[in-house]
2 protein chains.
Amino acid sequence: MSSRERRKDGGIPSGVVTRLPIYLRYLTELRDQGVGRVSSAQLGEALSFTAAQIRSDLSYFGSFGQQGYGYDVDELLMHISRILGLNRTYAMVLVGAGNLGKALASYENFRKRGFEIRAIFDVDEILVGNYHACCVIQPVEELDQYLKENPTDIGIIATPGHVSQDICDVLVANNVPCIWNFSPVHLQVPDEVIVEHIHLTDSLLRLSFRLNEQRHRD
Amino acid sequence: MSSRERRKDGGIPSGVVTRLPIYLRYLTELRDQGVGRVSSAQLGEALSFTAAQIRSDLSYFGSFGQQGYGYDVDELLMHISRILGLNRTYAMVLVGAGNLGKALASYENFRKRGFEIRAIFDVDEILVGNYHACCVIQPVEELDQYLKENPTDIGIIATPGHVSQDICDVLVANNVPCIWNFSPVHLQVPDEVIVEHIHLTDSLLRLSFRLNEQRHRD
DNA sequence: TAGATTGTTAATCGATTAACAATC
DNA sequence: TAGATTGTTAATCGATTAACAATC
């Protein structure tokens with residue numbers, strides 16, 4: 001199947017989407033080291049993937065290499081950047097200005113990539129009115145009105161679990177297409193809404209599971 | 001294949017390990033709501049999995065249900081807790097006391113589950129000596145000596161990318177079996193070391209990819 | 001007992017990999 | 001040209017699902 005035909009059926013498999021940012025990161029590293037060219041075998045070696053998988057992943061989007069040569073690092077980097085949508089900016093709102101929310105708002109790398117936190121909301125009256133990183137913290141009751149006036153691509157939920165579904169509903173009702181969820185809750189959203197969960201505790205539990213795994217063996 | 005036999009071959013598939021914490025979280029919610037019993041069909045409905053997948057996942061570890069009845073919520077919760085290793089505590093060190101590191105150290109839920117940050121390290125002389133949450137922040141040069149004197153289960157890396165491999169090497173050299181990595185780097189570790197990556201930027205890029213996905217379709 | 005739901009098997013589906021013709 | 005490596009096909013592998021006998 002050619003890449004053109006492949007694109008027609010459903011979406012891109014999630015495994016592919018998971019690996020693209022990994023490729024991007026490593027290619028950026030190579031470029032910063034002044035490496036100009038790389039083969040799928042070399043990429044695979046460095047990232048613990050097979051060469052075939054890397055070529056297969058890239059072929060969903062086009063032909064970026066050259067037989068007998070491999071890939072031009074700068075060129076491939078440019079293609080993957082575009083594929084991931086890095087050729088534009090994204091407007092974000094952050095809900096929840098606790099320790100984690102503040103850490104996210106302070107993280108410069110997001111803005112550098114074009115992901116801009118444009119407003120911060122919290123319930124805590126003590127926090128409201130304070131400047132943090134980019135913005136004044138606003139009362140959460142104003143989230144709905146803000147979203148009506150300001151088109152927003154990504155809503156970041158960094159609230160305690162018991163309010164996150166309510167916040168999510170407000171975001172969805174105002175057509176925010178993407179949710180970045182840091183609360184320990186399985187959010188209910190319509191099919192068309194895109195959600196990425198950062199479940200920190202789940203990740204820790206995967207560590208403790210693997211650490212104790214031998215116990216479950218015979 | 002019986003669960004007993006299944007356990008003999010390699011490890012548990014990573015998909016199963018990913019879903020166990022999700023089951024745990026939802027079962028906890030049910031228990032807190034006073035729900036005493038649940039079927040695989042109900043679990044699947046709530047979490048968008050098939051009932052068969054849930055039964056298949058659980059069967060890796062034993063038989064926890066009853067035909068015609070389903071699962072006792074408390075009992076299943078107890079089993080999954082043990083499977084995930086929640087019947088003990090874990091000693092952790094945190095390296096990197098920036099915004100994100102501080103947020104992690106302040107997060108009470110980890111400690112409640114038995115994941116205890118026992119020491120914090122940073123390069124920044126201004127931070128060193130300050131108390132944060134549980135512990136005094138120590139100079140990173142003392143990490144090696146600390147690990148030699150204090151058995152540690154999990155090393156948390158919340159440093160800038162350019163030093164994270166060095167920190168990782170110190171952790172590995174001192175037999176820390178698990179790494180929880182928040183830095184935007186693909187760490188090189190021996191096969192037996194267990195690594196969980198929280199790559200925040202990768203997660204954002206998956207959002208922007210999905211948001212722009214239709215552009216790549218015909 | 002009749003109804004419900006498990007745990008497991010066998011069938012299906014999808015993802016990964018090996019192989020290779022094409023070609024730089 | 002000879003050597004290297006792509007993009008793609010076909011084969012393999014593993015994960016998911018549907019179906020059902022067992023049984024509470």
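Reminder, nothing fancy here: chain letters follow the sequence lines and each chain counts from 1.
At whole-Å resolution of the value, CZ in Phe61(A) and P in dT6(D) are 18 Å apart. Regarding Ile54(B), its CD1 atom lies at a distance of 18 Å from the P atom of dA15(D), rounded to whole Å. If you take CG of Leu43(B) and C1' of dT5(C), they are 13 Å apart, rounded to a whole angstrom. In this structure, Asp57(B) places its CG atom 14 Å from C1' of dT8(C), rounding to the nearest Å. One interatomic measurement links the two molecules: NE2 of His79(A) to C1' of dT6(D), which rounds to 14 Å at whole-angstrom precision. Following rounding to the nearest Å, Ile12(B) (CD1) and dT16(D) (P) show an atom-to-atom distance of 13 Å. Computed from coordinates, the Phe49(B) CZ to dA15(D) C1' distance equals 14 Å when rounded to whole Å.
Distances shorter than 4.0 Å separate none of the side-chain N or O atoms of Arg55(A) from OP1 or OP2 on dG7(D). Between Thr50(A) and dT16(C) there is no side-chain N or O to OP1 or OP2 distance below 4.0 Å. The side chain of Gln53(A) contributes an N or O atom lying less than 4.0 Å from OP1 or OP2 of dT16(C). Within the 4.0 Å cut-off from OP1 or OP2 of dG7(C), at least one side-chain nitrogen or oxygen of Tyr71(B) is found. Contact between the side-chain N/O atoms of Arg37(A) and the OP1/OP2 oxygens of dA4(D) is not found at any separation under 4.0 Å. When the side-chain nitrogen and oxygen atoms of Ser40(A) are compared with OP1 and OP2 of dT6(D), one or more of them lie within a distance under 4.0 Å.
With dT8(C), dA18(C), dC24(C) as the choices, the nucleotide that has an atom nearest any side-chain atom of Gln66(A) turns out to be dC24(C). Here the nucleotide nearest the side chain of Gln67(A), chosen from dT6(D), dG7(D), dA15(C), is dT6(D).
The 5' end of DNA chain C is approached more closely, in terms of each residue's nearest nucleotide, by Arg19(A) than by the other of Gly68(A) and Arg19(A).
Note: Tyr146(B) and Phe121(B) have perpendicular aromatic rings, judged against thresholds of 30 and 60 degrees for the angle between ring planes. Taking the six-membered ring where tryptophan is involved, the planes of His199(B) and His197(B) are essentially parallel, since the angle between them stays under 30° and well short of 60°.
Classification of Arg210(B) and Glu213(B) as a salt-bridged pair holds, one side-chain N sitting under 4.0 Å from a carboxylate O. Salt-bridge formation is detected for the pair Lys148(A)/Asp144(A): a Lys NZ or Arg NE/NH1/NH2 atom is positioned less than 4.0 Å from an Asp or Glu carboxylate oxygen.
Pairing analysis of DNA chain D (Watson-Crick: purine N1 to pyrimidine N3 plus N6-O4 or O6-N4; G-U wobble: N1-O2 and O6-N3; both under 3.5 Å) yields stems of 3 or more pairs at C:3-24 with D:3-24.
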* To do: With ring pair (Phe, Tyr, Trp, His ring centres under 6.0 Å) as the test, would you mind laying out the steps for Trp180(B) and Phe110(B) before giving the verdict?
  => CA-CA 13 Å; Trp180(B) 205 22; Phe110(B) 301 150; 5.5 Å; yes

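A distance-only check finds no donor-acceptor pair linking the side chain of Arg206(A) to the backbone of Thr18(B) [under 3.5 Å]. Distance alone, capped at 3.5 Å, is enough to place a donor-acceptor pair between the Tyr90(B) side chain and the Gly85(B) backbone.
Within the nucleic acid shown, Gly15(B) has no heavy atom closer than 4.0 Å to any nucleic acid atom. Among the atoms of the strands shown, only primed sugar atoms or phosphate atoms (P, OP1, OP2) are found under 4.0 Å from some heavy atom of Phe64(A).
Expressed to the nearest 0.5 Å, how far CG of Leu84(B) lies from CG of Leu204(A) amounts to 11.5 Å.
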